[in-house]
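Read through the structure below, which is laid out as structure tokens, and then see the notes.
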Amino acid sequence: MEHAKREKRECTRFFCVFAAFSVVLFFMYYGERVNKINATMLAFSYKYGFISRGFIGSVYQLLDKILPGNQMKYAAVMQYTMVITWMFYALMFFFFYQCYRAYQRQDKSLVQNLMIFLVIFAVPTFCAQWNFGRLDVYLVMLSMISAVLILKERAEWLVVLLAAVCVMIHQGYVFMYANIVLVLFFYKALSNEGKKSKKYWRLFLSTFAVVSVLFLWFEFFSHVNGEAIYEDIVAAAESLCEEGKYHSDVIDHEILGVDLSKREWTYHLQNFLQLPFFLILFSPYLVLGTRYFRNVVRQAETVKDKFKYLAVAVGAATLLPDFILKVDYGRWVLAFICYYVVVVLVLLALGDEIMQTQMQKMVHEIKGKYSYSALLLAYPLLLTPFRDVAINRIAAVLASYPNEWFFHFW
């Protein structure tokens with residue numbers, strides 16, 4: 001009884017300090033505006049048909065009909081986005097709390113550190129001007145809800161529906177965040193036997209099939225009525241965006257099916273110069289993560305166990321098409337970090353002995369070798385927030401020098 005009370009006090013104290021820290025991060029990085037691409041997305045609606053990225057705009061325009069006053073203006077977009085952002089923070093804390101409670105080991109510092117690490121990136125990124133109101137915030141939100149359902153083993157069939165909604169919000173979910181639920185289902189299918197294993201195979205295959213079919217529809221077949229609805233969407237976007245300045249490229253691509261490769265080529269060149277600098281800056285975590293998963297796979301005794309841990313280790317490889325074909329590297333990097341932190345937190349909370357043991361061992365080695373190990377949690381403050389096309393400020397500044405001296409890409 002005394003142990004339970006002490007644990008409850010420690011949990012309350014941690015989450016109170018954690019929440020205060022998150023609020024400070026918000027006000028440090030709040031950008032005070034919804035930029036034109038994020039506001040433009042609210043102009044997309046299913047009243048024009050089953051179009052790409054139409055889900056959130058449909059919800060927003062339904063709210064316009066229900067709520068008093070005119071919601072189809074920039075001031076209302078700001079208020080709505082603020083509410084959604086704080087809903088995201090609340091759901092992220094709900095996810096953390098569920099993992100924290102489920103983690104059975106007495107020393108909670110492992111899960112605490114992982115939570116702090118993700119919050120340092122997630123809170124500033126989704127309140128700074130580049131991603132305030134970005135559709136990605138809904139994808140992360142629903143992915144965390146799905147992760148909780150899988151962790152608690154309750155209403156897991158809902159995960160398939162939530163994955164479908166995510167693709168309806170943004171078909172990029174297939175590469176960015178679907179890996180979270182697919183890998184967790186895959187892990188649980190290989191971790192169980194008999195009927196339970198078959199259940200998770202069904203959930204895995206159902207999720208994969210649903211998101212794949214929806215992705216193909218939105219990417220290749222949803223533009224048939226584009227010319228007829230283009231002007232209406234532009235008019236709605238002008239009313240929603242600050243000073244009427246809407247994002248023409250996203251409308252051209254999603255409504256008319258225009259290939260933006262030529263328009264985005266300069267951004268690709270910026271990405272190619274920035275990425276090496278960011279990899280160097282982020283290398284301490286890449287090295288530690290690689291070492292950790294290598295040891296986890298080595299400790300697995302059966303081929304099946306090695307296979308499931310290997311799937312966890314390489315699950316973020318679904319982001320490769322985004323890194324190769326698309327230009328928003330700041331968003332891809334955040335998705336990369338979210339995948340590993342969310343999946344590892346869930347597996348630790350599920351009581352995976354190998355992952356828990358190897359994590360403890362790695363942390364003890366770091367603390368024993370390096371007196372400055374605590375800086376590993378403070379250092380991410382220099383790297384946040386992630387932007388959209390640019391990864392972050394430091395990578396952008398560092399890449400500007402070789403561009404100015406040698407390449408002249410932009």
Side-chain angles (χ1 to χ4, degrees), residues 3-4 6-7 10-11 14-15 18 95-120 144 147-148 150-153 179-193 196-197 200 282-317 336-377 379-380:
H3 172 71
R6 184 171 66 252
E7 190 173 270
E10 289 176 358
C11 177
F14 170 72
F15 276 97
F18 195 29
F95 166 72
F96 288 156
Y97 179 70
Q98 294 300 323
C99 292
Y100 189 96
R101 285 192 61 191
Y103 186 67
Q104 293 299 312
R105 299 206 174 187
Q106 188 172 353
D107 183 3
K108 305 281 191 179
S109 60
L110 282 183
V111 292
Q112 290 174 352
N113 291 343
L114 285 170
M115 293 170 188
I116 293 168
F117 185 77
L118 181 56
V119 155
I120 288 174
M144 288 183 172
V148 171
I150 296 170
L151 171 63
K152 308 293 283 186
E153 296 188 356
N179 48 19
I180 292 173
V181 295
L182 289 172
V183 165
L184 288 175
F185 280 147
F186 186 82
Y187 170 93
K188 296 197 84 169
L190 291 181
S191 298
N192 292 284
E193 303 289 342
K196 199 168 185 180
S197 176
Y200 286 112
F282 201 68
S283 60
Y285 308 105
L286 296 175
V287 170
L288 290 174
T290 302
R291 187 187 306 167
Y292 170 68
F293 282 110
R294 180 194 63 195
N295 292 337
V296 166
V297 173
R298 283 179 177 176
Q299 288 299 307
E301 295 181 355
T302 67
V303 173
K304 186 168 76 169
D305 283 346
K306 288 184 182 295
F307 197 42
K308 75 180 182 184
Y309 289 126
L310 187 61
V312 174
V314 301
F336 176 89
I337 292 171
C338 280
Y339 166 79
Y340 284 109
V341 176
V342 170
V343 169
V344 170
L345 276 173
V346 171
L347 298 186
L348 291 176
L350 284 169
D352 187 296
E353 285 293 331
I354 292 177
M355 295 194 72
Q356 287 180 354
T357 301
Q358 291 303 315
M359 185 70 77
Q360 292 277 11
K361 186 181 293 186
M362 184 178 72
V363 170
H364 289 153
E365 287 178 0
I366 292 171
K367 288 181 177 178
K369 287 183 179 179
Y370 307 107
S371 58
Y372 51 85
S373 59
L375 291 177
L376 285 172
L377 267 186
Y379 176 56

Are any of the side-chain heavy atoms of Y309 and Q299 separated by less than 4.5 Å?
no

Give a yes or no on whether K304 atom NZ has more than 12 heavy-atom contacts from other residues, nucleotides or ligands under 6.0 Å away.
yes

For residues L151 and L350, determine if any side-chain heavy atom of one lies less than 4.5 Å from a side-chain heavy atom of the other.
yes

A quick test of your reading: do over 12 heavy atoms of other residues, nucleotides or ligands sit less than 6.0 Å from CZ of R294?
yes

Counting C-beta onward and ignoring hydrogens, is there a side-chain heavy-atom pair between V312 and F186 closer than 4.5 Å?
no

Quick one: closest heavy-atom pair of K308 and S191, and the distance?
NZ-OG, 2.9 Å

Considering all heavy atoms of both residues, which atom of A349 and which atom of C99 are nearest to each other, and what is their separation?
CB-O, 3.7 Å

Hey, could you give me the CD1/CG distance between I354 and N295, rounded to the nearest 0.5 Å?
11.0 Å

Do M359 and M362 have side chains that get closer than 4.5 Å, going by heavy atoms?
yes

When you compare the side chain of V343 with that of Y187, does any pair of heavy atoms fall below 4.5 Å?
no

Got a second to check how far I366's CD1 is from L288's CG, nearest 0.5 Å?
4.5 Å

Inter-residue atom distance K188.NZ - E153.CD, 0.5 Å rounding:
3.5 Å

Closest non-hydrogen contact found for P380 with Y285 is CD-OH, 3.2 Å

Please name the pair of heavy atoms, one in Y340 and one in G315, separated by the smallest distance, quoted to 0.1 Å.
OH-N, 4.5 Å

With the side chain counted from C-beta on, respond yes when L190 and Y200 share a heavy-atom pair under 4.5 Å apart, and no when they do not.
no

Is the distance between the ring centroids of F96 and Y100 under 6.0 Å?
no

I need the minimum non-hydrogen distance between V344 and M355, along with the two atoms involved.
CG2-CE, 4.1 Å

Between atom CG of L377 and atom CD1 of I116, what is the distance when rounded to the nearest 0.5 Å?
5.5 Å

With rounding to the nearest 0.5 Å, note down the distance linking CZ in F15 to CD in Q112.
8.0 Å

Could you tell me if the side chain of I337 sits less than 4.5 Å from the side chain of F282, heavy atoms only?
yes

Can you give me the closest heavy-atom contact between L114 and V341, atom names plus distance?
O-CG1, 3.6 Å

CE (M115) and NZ (K108) are apart, to the nearest 0.5 Å, by 8.5 Å

